[in-house]
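Here the structure comes first, spelled out in structure tokens, and everything after it is commentary.
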Amino acid sequence: MSGTTAEPAARFEVPPRPRTWPRRALIVSALAAFTVATCLPAIGGVEIDLGAIARNWRHGAANLSALLQPNWAFFPRTVQPMLETLQMAFVGAAIAAALSVPLTLWAARPTNPNILTRSAVRAVVNVFRAVPDLVWATILVAMVGVGALPGLLALVLFNVGIVVKLVSEAIDSAEHPYLEAARAGGATQHQINRTLALPQNLPLFLNQWLYALELNVRISAILGIVGAGGIGRLLDERFGFFAYGDVSVIILEILVVVLVIEAASNILRRRLA
Amino acid sequence: GTDAAGSADDGGTEWPESITMSLVPSVEGENLAEALDPLTTYLSDGLGIEVEGVVANNYTATVEALGADQSQVIITDAGSLYQATERYGAELILRDVRFGATSYASVAYTNDPDTYCEDEPVLATYEASDIELSYCNGIEEAGAAATGQGPAAAEVFGDLAGANVALQAATSPAGYQYPVVLMREAGLDTDADITQVPVEGNNNAVLAVANGDAEVGFAYWDARTTVVEEVPDIADKAVAFAYTEMIPNGGVAVTDTLPDDLVAELTQLMDDYADSSPEAADVMFELVGLSDWTAETADDEIARYGEVLEQFAG
Amino acid sequence: MSSTVEARTRTTATRPGVALPPRPSRRGQTAATAVVGVVLLVATATLDVEWADLRDLPAAVRDYGTLMFADPDWSRLPRALFEMWRSISMAWLGAMLCVVVSIPLGMLAAHGVGPAWLRLALRGLFAVIRAVPEVIIALVLLTVTGLTPFTGALALGIAGIGTQGKWTYETIETLRDGAADAVRAAGGGRTAVIRWALWPAALPTLLSFALYRFEINIRMSAVLGLVGAGGIGSMLANYTNYRAWDTVGMLLIVVVATTMAVDAVSGALRRRIMEGT
Amino acid sequence: MTLDTRAEAGAAPASAWPIRLDGVSVTYPNGTAALRDVSLTIDAGEMVSVVGLSGSGKSTLIRAVNGLVPVTSGTVTVGPYTVSGLSGRRLRQVRGHIGMIFQGFNLATRIDVYRNTLVGRFAQAGALRGLLGVPTAHDREVALSALHTVGMLDKVWTRAGSLSGGQQQRVAIARALSQEPSIMLADEPVASLDPPTAHAVMSELERINTERYLTVLVNLHLMDLARQYTRRMIGLRAGEVVYDGPAAEATEADFEQIYGRRIRPQDRLGDRT
Amino acid sequence: MTLDTRAEAGAAPASAWPIRLDGVSVTYPNGTAALRDVSLTIDAGEMVSVVGLSGSGKSTLIRAVNGLVPVTSGTVTVGPYTVSGLSGRRLRQVRGHIGMIFQGFNLATRIDVYRNTLVGRFAQAGALRGLLGVPTAHDREVALSALHTVGMLDKVWTRAGSLSGGQQQRVAIARALSQEPSIMLADEPVASLDPPTAHAVMSELERINTERYLTVLVNLHLMDLARQYTRRMIGLRAGEVVYDGPAAEATEADFEQIYGRRIRPQDRLGDRT
Ligand SMILES: Nc1ncnc2c1ncn2[C@@H]1O[C@H](COP(=O)(O)OP(=O)(O)OP(=O)(O)O)[C@@H](O)[C@H]1O
Ligand SMILES: Nc1ncnc2c1ncn2[C@@H]1O[C@H](COP(=O)(O)OP(=O)(O)OP(=O)(O)O)[C@@H](O)[C@H]1O
Ligand SMILES: [Mg+2]
Ligand SMILES: [Mg+2]
């Protein structure tokens, strides 16, 4: 290359731009077509009716205001169920956290290059995740009876499914130059995962472990179905009696739990970042 | 009548173009959306306006939908009928008839007949499904068709002190409210004198008894039939030993925004529905396990149930 | 070649291990771990779990597996497929609503992107949405838009914003991205940092989260059942309650197949983006 | 490799800014004191090099100038602005006038070279244009011209992630050039480059310094380059300025000051050639 | 900076391996041909430098030697192994004997320097130890000794992410040294280092080459360093070997071959000093 003097941009010999837009256009139009199809009531889709919002938003506002009047007298009755729920949630999330580590590392491509075992783990986790919570709860009650055990099993099953899915895909999406270095040093995948991949990706895990804990408090209605009681069952009951003031108290309590977990998650993330 | 949009406002003289009817299955039923179609078609034809049917699975939601005029007709249980009339001035137009009655008993089951039965359990046939089930304390006659008439042997409830008792959600009349009322009447403190095993749903109450998680459980009549596939020897594992007082069946209520003549015509049509065709009779049975609707609404039954309800809602 | 440097005098140790600086104290960390451990032990011990019941599990799994899958009832497949499509429709619209709202908001809620007051406000909003049970959101909505699939889609969309927003800012904060520094150094504002550094780096993860939202929505039964919008989740719930195990088996097969398909599409799309086509 | 191509394509002549540091100290959150009470004045239009041992605080110094690293105490002034007190829109404005080449390149690896370069323009563009990534004809000119300068025109559609180390460094340089700044900060801009390319880049910096009258502050670990291309050299050691004077006149003693030991023949890389 | 500490603490003297490339071509998935029909033999115990323009294929060459980049055609042989056909346990074994210093350092940023260095010991760990991830006393010795060599002992508990560029490079070097390899591959190991440290590192490479009789293949972009520390120099241009001969004897013509243009006075970094 030799130096040239200033000329219009056309003088730069820019290689032709690769044609990616046809494929992109194809993908975008496929998505658009799919979206349109989901909006066609004729084939079972959703009929979007924005007018109803304009007409009836007052109903919603009235309902919301009922929910915004907590009946504090109800608070004492929530303490015991809340503690039960927290206990179950914590133990369930902890067991799930322990199980999720190997499963996640097996399900992510950088930490498990073997496509066979990787697909197998992913498939199993997908199947477990695909079964809705209510079905799990019902089946578990039928299998091991009611009580804390089915509750715990249900929570662990959901949590593992979520953590493995989200963390393994986050690991897939990131770049991991240190893995290459360890591989070049002749390390086994297990060594790499244990000493490098796990600590390096710990923030990803922590995010989802704490989310699982939060989720366990929020979905404690499931614990009601399997006979483990808890705040979710109480909430359903108050809701069934139209006691919105009581429901409001429970929601505020859950909000406190959510905020505390959120704060913990922020602190941990800051420390590990 | 056919015209008029926004008719809901004008005090019930002009007919709306369409109405929405929401239904909460009062038994754990199959997918009901399909079964609802013949009924709505029948009503649309009869009324000359569009009737849409929606199966919702939440009592509170259907009542609130009625209150917000998002649905004009609800087919639901006694508790929701009470709430709809109390909260939103809904009008009760029909009551469910199941096996010839507008009420049913909650059944007490046990896996320990030695303790809770004074006599040997006997087998009687549950007519709806032709399955033989066990009963004791003389609440049914051996070999006969079970009647499910309560109250019966209710005095045994005093014996429950110290037992593990499976109770459903506090909103459930058969699984919680009526049994608790009886236990309280028998002098038990249901928070202290028994160990509550919380369960959700009638099937799970029966299963909890069958697999030993609880000694006693309560469910509607007769929930044992639904778990026969999983527990073929359910008759041995769960014996019915008492019936509570009769609990009112649900029914049909309409909003106060509908014109009176429309309500009258709708009531008539629904009352006649079960007899309108063999298919309709089938639908009624499959739909909500009903044999019929009756226009004798017996509002006092609902009102009395409302009193029971208030004991627990506080 | 004696190209050594006299700075060696810095350490007199013959064996380097001796000159090792003391490891920084981790007392705080150890204490925190110990506290969590003890709480966990106590919580587990006081939990009334009959671990022995686990022994029955294998046999029970086999029994129920047989009930469901030995001879699935395919007679209701058409109905199942219809409900599945309805679920997919509501789930898709709900996921779109959720993602379109939560990604920009979530990005603004990330540390170092939005101003502190906005960050706090948005995180508060996400927390509130997460704390309110989905059924309550659905209940409020149904008084506005009725017992319709539209309400279902709206409820799914709004209820998901809390979680999706949280995932978004967590993803952004976990990125250690020099590219953001570079855009900032060039005088780029919030929008530029997001658009030219964070967005490209986070896109595959965000996409995977978005498709996961779609997947969750497909199965969500509580919300949709409540507003009478049906869908595969409600159908599954009904048949499970009715204990029609052979039909449940068929429905599960349908749901699992759909989940797998969504997962496969998600994987393919993410790979595309990561490889830059 | 082209050396003498002008990046002037339509560029408005920028005016240089002085840089002033007054008693600047920087301590990182983990307690490392990276700069200790550094005071410096760099006149508008000067080209100054910073040398020092690895870890002596060179990168920190550069980052403090454009506010990427907050100073613990002291003030940093560039042109008319006091960077250390600024934030928000004002800080962005100042930064728009300061081009920076990072030691670690800091490219968006999944984006192509073209748009990575344009980031230097988009950062300052209007909100919508910046968001959509539509360059004006002028932006295009400037970016392509900058790429041409570093000899990367032929890779313009390649994703930054699949470039070699040196190629990435060149794109990072092009990005800074395309900003058309008043001050150029360069953190070891030639570390990963072969000699011809290194000289091309240094000459380019020299050229914009003189022709476009730009202040240039460049970290170098090769003293020879420092002497060859800059008149003034600043020596850092453990966060303190231990030398500040003409680059060509640094004595043995100065060398010892900076590097902590006496100079040896081979320390001037290339002297044995 | 200490250089002369021996990494010998109990180390079994490694024996050098030869490297052979036979008609090796590498084409990346995006179509870039990075190596074209390269044939080379490097004898056991030789110390060879590779020079070339940025993007000429130096990194690719080094990566092909330990199989990190799969060759498109041709064979790569190191010592008794044909790397290009290996996978799994065998490949790991070979890699355990090949130390590699990466251009981009490839450290696990959230992990401390100590454990980043121990990664070099993984290949030596027995099955059980590898499973548990516990280093032996000997592993510890070797790793710390390597850190001492590069002068990073005082940062041993710092997270790699908060090190300066040069410090990261030194940790990456320590990691490779602690492998006690038979072949050392180094991809621009001194790019981010100041002259004293650069010389320290090059001397260390030279020392292990002679004392521990190790084959060393090092990419350098400074020809001076190449001439000073290696006897043989390989020049790459656009993926082809255009020079292979004594480092000290490369002529002007050779220079032109490698860099595509005639040598200029300032190309020998430091000549203008
Ligand atoms: N992962 C990759 N995918 C696609 N192309 C690549 C990849 N890595 C390198 N290349 C291309 O292959 C060619 C050789 O790259 P290589 O990294 O071997 O160069 P190098 O000689 O090490 O250059 P430098 O001195 O700049 O590090 C370059 O054109 C580069 O763009
Ligand atoms: N983000 C950080 N957090 C904590 N300490 C840091 C951080 N960045 C740098 N340091 C420390 O601050 C000191 C100065 O670092 P700096 O990056 O300024 O050095 P440098 O002169 O650029 O070195 P090099 O030539 O190796 O790049 C070093 O001791 C380094 O370990
Ligand atoms: Mg630096
Ligand atoms: Mg390279």
Side-chain angles (χ1 to χ4, degrees), chain D residues 1 28-30 32 34 51-60 103-105 151-152 155 158-159 162-170 187-188 190-199 202-203 220-225 227-229 248 258-261 264 266-273, chain E residues 1 28-30 32 34 51-60 103-105 151-152 155 158-159 162-170 187-188 190-199 202-203 220-225 227-228 248 258-261 263-264 266-273:
Chain D
M1 229 44 48
Y28 282 106
N30 70 357
T32 311
V51 298
L53 282 174
S54 157
S56 58
K58 304 185 293 295
S59 298
T60 309
Q103 189 170 10
F105 323 148
M152 286 296 294
K155 291 272 182 188
T158 311
R159 278 155 28 100
S162 52
L163 294 178
S164 78
Q167 289 168 336
Q168 293 198 22
Q169 189 152 39
R170 283 140 72 193
D187 198 357
E188 310 201 352
V190 297
S192 308
L193 299 180
D194 54 274
T197 319
H199 283 287
M202 287 309 296
S203 311
L220 289 173
H221 52 263
L222 296 180
M223 264 204 181
D224 313 298
L225 279 181
R227 292 189 185 159
Q228 190 171 342
Y229 287 98
I258 299 172
Y259 289 125
R261 63 157 171 72
R264 301 240 195 83
Q266 79 270 27
D267 280 336
R268 304 240 175 87
L269 288 178
D271 275 6
R272 259 170 45 170
T273 322
Chain E
M1 227 51 43
Y28 283 106
N30 70 357
T32 312
V51 299
L53 282 175
S54 157
S56 58
K58 303 184 296 295
S59 298
T60 308
Q103 190 169 11
F105 323 147
M152 285 296 294
K155 293 271 183 190
T158 311
R159 279 145 29 99
S162 51
L163 294 177
S164 78
Q167 289 168 336
Q168 294 199 22
Q169 188 152 42
R170 282 139 73 193
D187 199 356
E188 310 199 355
V190 297
S192 308
L193 299 181
D194 54 274
T197 319
H199 281 287
M202 287 309 296
S203 308
L220 290 172
H221 52 262
L222 296 181
M223 263 205 178
D224 313 298
L225 279 180
R227 291 188 186 159
Q228 189 172 341
I258 298 172
Y259 289 124
R261 63 157 171 71
I263 200 163
R264 303 232 192 92
Q266 79 268 29
D267 281 336
R268 304 239 174 89
L269 290 177
D271 275 6
R272 252 166 55 169
T273 322

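Below, chains carry the letters A, B, ... as their sequence lines are ordered, and counting in each starts from 1. Keep in mind that this is a model prediction, so the values were computed, not measured. Values below: every heavy atom of this structure, side chains too, minus hydrogens, waters and symmetry copies.
- Within the 4.5 angstrom heavy-atom criterion, only side-chain atoms of Thr32(D), from C-beta onward, approach chain E.
- Counting heavy-atom pairs closer than 4.5 Å to chain E, the top residue among Ala191(D), Gly166(D), Ser164(D) is Ala191(D).
- At a 4.5 Å heavy-atom cutoff, the contact between Lys155(D) and chain E is made by side-chain atoms alone.
- Looking at residues two or more places apart in sequence or on another chain, you find a side chain to side chain donor-acceptor pair (under 3.5 Å) between Ser54(D) and Arg170(E).
- In this structure the side chain of Pro195(E) reaches within 4.5 angstrom of the side chain of Tyr259(D), judged on heavy atoms.
- Going from atom CG of Asp194(D) over to atom CG of Leu220(E) covers 12.0 Å, rounded to the nearest 0.5 Å.
- Contacts between Ser59(D) and chain E at a heavy-atom distance below 4.5 Å are absent for every atom of the residue.
- If you measure heavy-atom distances from Glu188(D) to chain E, the contacts under 4.5 Å come from the side chain alone.
- The part of Thr158(D) that comes within reach of chain E is its side chain, from C-beta onward, which places non-hydrogen atoms under 4.5 angstrom from that chain.
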